[in-house]
Structure formats: structure tokens, C-alpha cells
Amino acid sequence: MCGIVGYVGEQNATSILLTGLKKLEYRGYDSAGIALYDGEKITLDKTVGKLSKLEELVSNNRPEGNIGLGHTRWATHGKPSTPNSHPHSCCGGDFVVVHNGIIENYANLKAELKEKGHQFSSETDTEVIPHLIDEYYEGNLKAAVRKTVAKLKGAYALGVLSLQEPDKLIAVRQDSPLIIGLNGSENFIASDIPAVLEHTDKVYILDDGEMAEITANQVDIFNVDNGESIKKDIFEVDWDPGMAEKSGFDHFMLKEIHEQPETIRKSIAGRLNKTDIEFDEVSLSKEEIEAYNRIYVVACGTAYHSGLVAKYVIEDLAEIPVEVDVASEFRYRNPLIDDNTLVIVVSQSGETADTLAALREAKNNGARALAVVNTVGSTIAREADDVIYIHAGPEIAVASTKAYIGMLTCFYMLAIYLARQQNKLSDETSAKLIKALKNLPEQVAKIIKEDSDKIEQLAKNYAGEEDAFFIGRKVDYSVALEGSLKLKEISYIHSEAYPAGELKHGTLALIEEGIPVIALATQTSVLDKTLSNVKEVKARGGVVTGVVFAGQEEIDSFDYQIEVPKTEDILSSILTVVPLQLLSYYIAVERGCDVDQPRNLAKSVTVE
Ligand code: AGP
């Protein structure tokens, strides 16, 4: 999932393209490139590695031009290399393309084009596109692009620049996000809003099967298939550019961890009253809720982990069976869906291809589809029947933190809502849970303020390790999975999470002298059981860090103990995950890892 940008206007495009790519670098950072029309020819500058390498490359010989395209890559077809970097061009260089997505039938198209004498200089799927445009061009760029797109199978967001019609860009969207930024006598294209926010808060969000012809003063949008013109509404963005800056923190991840109290406040704002939850965006009647015989929560990665907590709280409070599925499995396993099925998809970016496909699968099979999403105006948000927005604001670090906390907050509210609608939760219990929810922002702030230094010290003990384990029971186990993912994805330490009671059925064999084990122990009903599992680990030499509620007397089985403020057992996940986020962060910093842009990963996974 790459990041693409484009500009046409009066300013020099180079710095605008580079700044836009900087804002999209979280989408992929294997290589980067820009192409500009300088009044005579199209210049191409591209290099393997981070955007900083490209900035270096063009610093001495800065390309000039008022129109151009840019790309930052997450490699799918062809290893990270300069020849495989975008933009790609046809043999003569007349047509230049940047692409985000995967062309599934590129091999056949490439063979056909080679037959016709086209020379290829990369291993990528993308390079077939400029060659096809070159093949079909008969004096009308839009027509040539439409003919080309008709040949493509797969997902693509495209930006096209040509020597024949150098005053315009062509943009095309099919199953990969693309927006057009509008700013009077200049226009932009981009994979995501942060790339244009510095210049405008007015955008068109392209839908699948739409293309745009963009000049400095005009944006015309068409249906790709029939070429008919489309009138679109302008979307006004309510984020300010500052929200996508580091604000003095060393990393976006640490900044976003510190933003979590605010995230909870924004998620609950206007949705809580003394005993009930109100969602403006969702109206499920008592009859509809009672008709649901099954709820699926479907997502990927961290969003999936929030679904595991949702299962506990929805089944416990609303007594509706919940199945939690990894999206890439859900859509191909023929899930049992009917009109009495509610499918909840969860996504920070709202663009994750597997989750989007699962949403479409659910709707095609008659389910009601509710989305819990962060990114306003994203594809998942627009295609779902109902949307609960997380309101976490832009999340830039690849490792998701504040969005996870926002997802949990929304699921707690949703569980109370579903239970209350069915009279399954008394005023008293509901009021107690809602009061506890309201306390969470301060409690999270307290952990960050009081425990960060201690956790930073603890991280030094673990930074040299190559393996780690996380254990817990009930919601603690779901949070253990998230803690383990955070450690893996930013510190590259091999880590696994287990239900504490499951260790003795095999994995305990991996516990030896010095192995770090993080044990979450906040679930009172199973605390003794969890502590006996900790003793089993200690007996084999594990070094155990316990995460417990404050007021819990010192537990001698723990080598280190982190206390979080007391809350309702079922709400503990919002507090216990914070020390795990901080621990992973400080271990990654101690190991000198690239915290915000971990290797091999990207922020939103828009390919299957
Ligand atoms: C989490 O830190 C990762 N970035 C990743 O697992 C992420 O949660 C997953 O790709 C889902 O992304 P989404 O929430 O944008 O759909």
C-alpha cells in the first residue's frame, strides 16, 4: 500500500510533491520517486529507500515544473530497488504512471506487450499500465486511460501524466483510496487527506470506478466504464494539519500514546448520559437487536484484537453470541450469515482491503453491516449500513495505539447500548459502568504520567531479549495479544501471547531461565488461577512482569509489578494496554528501531 500524490498549478511541484509524500510515508517506505513536466520533457527522479534518499537525490539538481506526480512504495511485486520504484513510464517516456494497489493480470498483459515490442525495465505489475496507455493513445489521454483500465484486473489508484497533454493529470480509482484536493487555481491528487491538508481542506473522495481529468483550474469526474460525467459533493475535512505533526515528541507513536486520554474523551463525547448510551449514527431498535442470533466482529491486526475484547463485553452484558474473525479468513470461509446476523467491521484507516472485502461479503449475504472506524469518509465508513466513529484523529505511527483505545471505548459503549435496548442491564449496573467509563481518561493520563519512567527503566532489562511471552485470562488475554503484537511489530522481538491456563499444554516447554513473561492479572474472578500459572512460569526461570490493579498487594511471583488504577474488571483493557504500549515503545527505542515506520510494514493495508 503505497502513497501517491499529484499536483497541477502555478507553484513548483517538487516541494509540494515531496511534502505530500512525507505525509504519506507511513503507507510505505521501500522507495520513492517523482515525475515533473518541465515545459519540454517529463523528468523522472526515483530511488530505493526512504523519502530522505529522494530528497537528497533532487537536492542538487532540483526538477522544475508546475505539474507532477509522486510515489512512496510498499513493495508487492518486485523487491525494493530503484528500477522497481515508481513513477513508471512507457518505452519513450511519454506516459508516466504512479500506482497504489495490485494488477492481478499483469503477467499476461506484460507478455502481450512484449510480443508487440515493448521493453520493460522493472519487475513490477504497475509498469504494464504506461505501456498500455502508450499502446492505446490516439490523441485523447482520457480515452487511452479508459481503454487501459478496461484491461486491468485488481486494485488500483492511479495518477497519469503525459507529454502529449502536459497540462493535465488523470486519476483513476478502483478498490484503492484516492482523493482530489481543490484549491482554486491549483489541484492535487493523493492516497490520503493528510497529504493535501497543508494546502486545502476541500476534497473530492473518488469512488470505485471513477476517474478524473485534472488541470490547474478544472476537475472533471467521469464514470470509467461509460465515460459519463459525475457531479460530486465536496468533502470538508475537520482535521487541522497540526494534528499530523509530532508536536515535540520523538515519535508519532509516543505522541499518540499521550493522546489517548483525549481519544477516550472524544469517543464518549455526546454519547453518554447517566444510565444510557446514545449513538447519533446508529439506531438499532429493540426488535432488531432481539432478532440478532449472532454478531460477527471482523477485522485485522490491532482492530481484530479490539474485537476479542468486544466479544467478552457484548456476550457478558448483551447476551448475544459473538464470533470474532480475522477478515482475510472470514471472507473465504463461507461464514453462516442471514438477515438476523449483525456484522461489525473494525478499522482505523477504513481502507484495509481484507476488512472491506469482508464488509462487502457480509452485505451481499444479507447481514446488517456496522462499522467502527476512525477515518472519516473512508471506504469502509461509506459502504457500511451504520458507522460508529472512533474520533481519534489522524493516527500516523504504523503501530496503532490511540485508535485501539478508541475502538475499545466504542465497543464498551456499544455493549451497554445493546444490553439496555433489550432491558438486559439494570439502571444501577449501567450507571456504574458509565461512571467508570467517564473516569478512564484521567486514569490513562495517570498511568502515562506516573509509570512512564519506571517502564522506560524496565524496557532496558528486556531490550536485549529475542523472545518474550504475554499471558492473561479473559479480557487480559485479549490485551496480552495486543501487547505482544506491539512488541513484535516495532522491536522485532519474537513474542507470543497465550491464555494463561493454556501454557501448560505445550508452550511452557519454551520457558527457560531469563525468558521475559508479561502477565496481566486484573480479572478478580480468575486471579488465583492466573497467579498459579505465573508460579508455573517462575518455576522454570521466567522473569515475570505483572500488570495488576492498584491496591493489589505485592505479588511475590512477580519480578516487576506495574499497577494501573482500579476500574471495573471488564473495562480493564483500556488501562492495561497502556503499560504494554509504553514497554514496547521504550524497548524499540532502546534497540534503535525505526518506531514509527517498522520494517516490512505499512499503516493501511490496501491490498489482499
Ligand atoms: C497495528 O499496529 C497494525 N498497524 C496493523 O495490525 C493494523 O491494526 C491492521 O493493519 C488493521 O488496520 P486498520 O485498523 O486500518 O484496518
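Numbering of residues begins at 1 and proceeds along the displayed sequence. Heavy-atom basis, side chains included; hydrogens, waters and symmetry copies ignored. Note that the structure is predicted; figures quoted are calculated from it, not measured.
- Checked against Ile380 for a side chain to side chain contact (heavy atoms under 4.5 Å, CB included), the options Thr355, Thr375, Val372 give a single hit: Thr355.
- A salt bridge is defined here as a Lys NZ or Arg NE, NH1 or NH2 lying under 4.0 Å from an Asp or Glu carboxylate O, and Arg271 with Asp276 fails to meet this definition.
- When all heavy atoms of Val387 and Ala381 are compared, the closest pair comes out as CG2-O, 3.1 Å.
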Inset, instruction - Tell me, with the steps shown, if Asp233 and Tyr204 meet side-chain contact (heavy atoms from CB on, under 4.5 Å). - result: CA-CA 7 Å; Asp233 301 330; Tyr204 283 136; over 6 Å; no
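- The minimum heavy-atom distance between Ala480 and Gly472, with the atom names listed, is CB-N, 4.5 Å.
- The salt bridge (charged side-chain N to carboxylate O under 4.0 Å, His left out) analysis of residues 479-501, with sequence neighbours excluded, yields the pairs Glu482-Lys486, Lys486-Glu489.
- Applying the side chain to side chain contact (heavy atoms under 4.5 Å, CB included) test between Thr401 and each of Glu256, His258, Glu259 identifies Glu256 as the sole match.
- Looking only at atom types and distance, the side chain of Asn100 has no donor-acceptor partner in the side chain of Arg73 under 3.5 Å away.
- Remark: Arg599 is positioned above the aromatic ring of Tyr492, its terminal NZ or CZ atom under 6.0 angstrom from the ring centre and at most 45 degrees off the axis.
- Here Val224 pairs with Val149, Val172, Met211 under the side chain to side chain contact (heavy atoms under 4.5 Å, CB included) rule; sequence neighbours left out.
- Crowding of Glu428 atom CD: a count of heavy atoms from other residues, nucleotides or ligands under 6.0 Å not exceeding 12.
- Panel note: side chain Asp427, backbone Thr275; no donor-acceptor pair is recorded below 3.5 Å.
- Looking at every heavy atom in both residues, Ile390 comes nearest to Met407 through CD1-CG, 3.5 Å.
- Sorted by first and then second residue, the ring pair (Phe, Tyr, Trp, His ring centres under 6.0 Å) pairs involving residues 378-427 (not counting sequence neighbours) are Phe279-Tyr417.
- Taking Pro335 as the reference, Tyr296, Phe330, Arg333, Ile337 meet the side chain to side chain contact (heavy atoms under 4.5 Å, CB included) condition, with sequence neighbours excluded.
- Take Ile570 and apply the side chain to side chain contact (heavy atoms under 4.5 Å, CB included) test, not counting sequence neighbours, and it matches Val313, Asp316, Leu433.
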Inset, instruction - Show the numbers, then the answer: is there a side-chain contact (heavy atoms from CB on, under 4.5 Å) between Tyr312 and Lys474? - result: CA-CA 7 Å; Tyr312 280 102; Lys474 299 177 72 171; 4.0 Å; yes
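- For Glu383 against Lys363, the heavy-atom pair with the smallest separation is O-NZ, 2.7 Å.
- Across Glu395 and Gln348, no two heavy atoms sit closer than the pair OE1-CG, 3.3 Å.
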Check residues 515-524 and write down every donor-acceptor pair under 3.5 Å in which the side-chain atom is one partner and the other belongs to a residue at least two apart or another chain.
unit_1, atom_1, unit_2, atom_2, d
Thr522, OG1, Asp476, OD1, 2.8
Thr522, OG1, Asp476, OD2, 3.1
Thr522, OG1, Ser572, OG, 3.2
Gln523, NE2, Asp569, O, 3.0
Gln523, NE2, Ser572, OG, 3.2
Thr524, OG1, Asp569, OD1, 3.1
Thr524, OG1, Asp569, OD2, 2.6

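- Counting only heavy atoms from C-beta outward, the side chains of Val564 and Val578 never approach each other to under 4.5 Å.
- Nearest approach of Thr545 to Ile562, heavy atoms of both residues: CG2-CD1, 3.9 Å.
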